[in-house]
Amino acid sequence: MPFMTCPDGLSLFFEDKGEGTAIVFVHGWSAHHGFFREQSSALSQSFRVITLDQRGHGSSRAPEQRPQIEDLSADLLSLLDHLKIEQCVLVGWSMGALVCWDFIARYGLDRIGGLAVVDMTPRLICDDEWTLGLRGSFTAEHNRQTLQRMSDDWPTYARHMAPNLFGQKGRSNEALFDWTLQQLLQNDPDTLASLWQSMAQCDFRDLLPRITCPAMVIHGSESALYNAPTAAFLADRMPKATRHEMAGCGHAPHMENPGEFNQVISDFVTAR
């Protein structure tokens with residue numbers, strides 16, 4: 001199994017398949033590289049596809065980890081260095097988009113040839129002036145309650161969360177839904193709570209106009225977590241962004257309709 005050692009000694013798992021333009025898929029909170037298995041299999045026929053288990057997830061878990069978003073973006077930099085990738089296209093799904101934005105904020109755009117954001121907001125927490133966060137009404141108090149629930153009883157929280165990843169089509173795919181739930185249940189709640197709190201502190205709205213590379217915003221029409229106005233906000237703020245809505249999909253369109261998703265990514269990478 002391919003691992004690299006981060007500067008702090010963590011072993012980071014990754015997969016590297018194919019040749020050509022490098023596409024790095026950055027997974028969401030509580031997921032791992034296998035959530036991009038359909039992308040790795042199909043797109044590696046035409047591109048170099050890198051997937052990874054971010055620290056605190058999958059095979060990159062270690063005891064007592066309390067990672068922050070900036071740790072994940074530093075790991076991403078270490079991975080690019082390890083693989084000697086001078087420039088790549090980043091595809092950030094959910095929390096993965098926050099990691100990509102944090103990477104750009106800290107390390108710039110020199111190594112980013114394109115950015116695809118999959119169903120995410122630049123700020124989770126809503127208030128009187130910002131209504132495009134999680135579920136459109138997720139306040140600081142809701143965040144506190146969420147952290148408490150995941151820490152008190154992770155299995156129950158994971159079972160409650162799993163349906164929110166999909167639209168109706170994904171929820172009715174029994175094999176996909178059962179596999180996803182089993183992956184979620186394997187996570188460590190304290191590790192994820194640390195990352196969730198870090199996510200809740202992120203606010204990348206001011207960064208968006210400075211993302212001058214080609215960008216694509218992908219979202220599912222049935223997402224239970226974010227909505228079309230959120231995707232429109234992102235596409236409007238990033239200067240070279242376009243938007244693609246995937247009908248009938250929820251928060252994980254790359255899993256619910258991998259054929260359409262892969263074509264959108266392929267077209268985006270080729271047209272940059």
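Excluded from the calculations below are hydrogen atoms, water molecules and symmetry mates; all remaining heavy atoms, backbone and side chain alike, are included.
Nearest approach of Met161 to Ser30, heavy atoms of both residues: CE-OG, 3.7 Å. Between Pro122 and Leu234 the shortest heavy-atom distance is CD-CD2, 3.7 Å. Here the closest non-hydrogen pair linking Thr21 and Val89 is CG2-CG2, 4.4 Å. For Thr212 against Lys240, the heavy-atom pair with the smallest separation is O-CD, 3.0 Å. Of all heavy-atom pairs between Phe14 and Phe3, the closest is CE2-C, 3.8 Å. Residue Ile50 comes nearest to Ala22 through the heavy atom pair CD1-CB, 4.1 Å, listed as atom of the first residue, atom of the second, then distance.
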Quiz item: After noting the C-alpha distance and the side-chain angles of Asp8 and Arg55, does the key distance pass the salt bridge (Lys or Arg N to Asp or Glu O under 4.0 Å) rule?
Solution: CA-CA 12 Å; Asp8 64 356; Arg55 69 170 62 208; 2.8 Å; yes
Practice problem: Could you walk me through whether Leu80 and Phe103 pass side chain to side chain contact (heavy atoms under 4.5 Å, CB included), step by step? | Solution: CA-CA 12 Å; Leu80 296 184; Phe103 181 97; 3.9 Å; yes
Exercise. Could you please spell out the steps behind the side chain to side chain contact (heavy atoms under 4.5 Å, CB included) verdict for Thr242 and Val217?
Key: CA-CA 6 Å; Thr242 56; Val217 179; over 6 Å; no
Quiz item: Can you list the steps and then say if Gln87 with Ile112 is a side chain to side chain contact (heavy atoms under 4.5 Å, CB included)?
Solution: CA-CA 5 Å; Gln87 191 172 81; Ile112 311 302; 5.9 Å; no
Practice problem: Any chance you could lay out the side-chain hydrogen bond (donor to acceptor under 3.5 Å, both in side chains) test for Gln65 and Asp190, step after step, and finish with the verdict? | Solution: CA-CA 8 Å; Gln65 285 184 334; Asp190 292 332; over 6 Å; no
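The CE atom of Met4 sits 9.0 Å away from the OG atom of Ser11 when rounded to the nearest 0.5 Å. If you take CG on Leu208 and CZ on Arg210, they are separated by 9.0 Å, rounding to the nearest 0.5 Å. The CD1 atom of Ile104 sits 11.5 Å away from atom CG of Asp110, with the distance rounded to the nearest 0.5 Å. Taking SG from Cys126 and CZ from Arg135, the interatomic distance works out to 10.5 Å, rounded to the nearest 0.5 Å. Annotation: the span from Met199 atom CE to Gln68 atom CD amounts to 12.0 Å, rounded to 0.5 Å. Note that the CG atom of Asp102 and the CG atom of Leu72 stand 8.5 Å from one another [nearest 0.5 Å].
Judged purely by atom type and a 3.5 angstrom limit, Thr121 uses its side chain to pair as donor or acceptor with the backbone of Leu132. Not one N or O on the side chain of Ser41 forms a donor-acceptor pair closer than 3.5 Å with the backbone of Glu38. Side-chain atoms of Asp236 do not come within 3.5 Å of backbone N or O of Ala232 as any donor-acceptor pair. With Ser194 contributing its side chain and Pro67 its backbone, the two residues share a donor-acceptor pair below 3.5 Å. Distance alone, capped at 3.5 Å, is enough to place a donor-acceptor pair between the Glu222 side chain and the Gln168 backbone. Side chain of Ser78 to backbone of Ala74: a donor-acceptor contact under 3.5 angstrom is found. Checking side-chain atoms of Thr230 against main-chain N and O of Tyr226 turns up no donor-acceptor pair under 3.5 Å. Not one N or O on the side chain of His32 forms a donor-acceptor pair closer than 3.5 Å with the backbone of Asp53. One N or O on the side chain of Ser172 and one on the backbone of Lys169 form a donor-acceptor pair closer than 3.5 Å.
The closest side-chain heavy-atom distance from Val269 to Ile23 is below 4.5 Å.
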Acceptor/donor pairs from residues 243-253 side chains to any protein atom, 3.5 angstrom cut, sequence neighbours excluded:
from	atom 1	to	atom 2	distance (Å)
Arg243	NH1	His219	NE2	3.2
His244	NE2	Glu260	OE2	2.7
His251	ND1	Asp119	OD2	2.5
His251	NE2	Ser94	OG	2.9

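With hydrophobic clusters built from ILVMFWY side chains whose heavy atoms lie under 4.5 angstrom apart, Trp93 does not share a cluster with Leu181.
At most 12 non-hydrogen atoms from other residues, nucleotides or ligands lie less than 6.0 angstrom from CD of Glu19. Heavy-atom contacts from other residues, nucleotides or ligands closer than 6.0 Å to CG of Asp127 number more than 12.
We find that Asp153 and Arg149 are not joined by a salt bridge, their nearest charged nitrogen and carboxylate oxygen being 4.0 Å or further apart. In summary, Arg111 and Asp81 engage in a salt bridge, as defined by a charged side-chain N under 4.0 Å from a carboxylate O. Checked for salt-bridge contact, Asp267 and Arg272 miss the test: no charged N lies under 4.0 Å from a carboxylate O. Between Asp16 and Arg48 a salt bridge is recorded (basic side-chain N to carboxylate O distance below 4.0 Å).
Counting only N and O atoms by type, the side chains of Glu256 and Asn173 include no donor and acceptor under 3.5 Å apart. A donor and an acceptor atom, one from each side chain of Glu141 and Gln145, are located under 3.5 Å apart. Side-chain polar atoms of Gln54 and Ser60 form no donor-acceptor pair below 3.5 angstrom.
Using the six-membered ring where Trp is involved, His254 and Phe36 have ring planes that are tilted, between 30° and 60° apart.
Pairs passing the ring pair (Phe, Tyr, Trp, His ring centres under 6.0 Å) check and including a residue from residues 125-156, sequence neighbours excluded, read Trp29-Trp154, Trp130-Phe233, Trp154-Tyr157.
Taking the ring axis of Trp196 as reference, the NZ or CZ atom of Arg144 does not stay both within 45° of it and closer than 6.0 Å to the ring centre.
Applying the ring-ring contact (aromatic ring centres under 6.0 Å, His included) rule to Phe166 yields no partners; only residues at least two apart in sequence or on another chain are considered.
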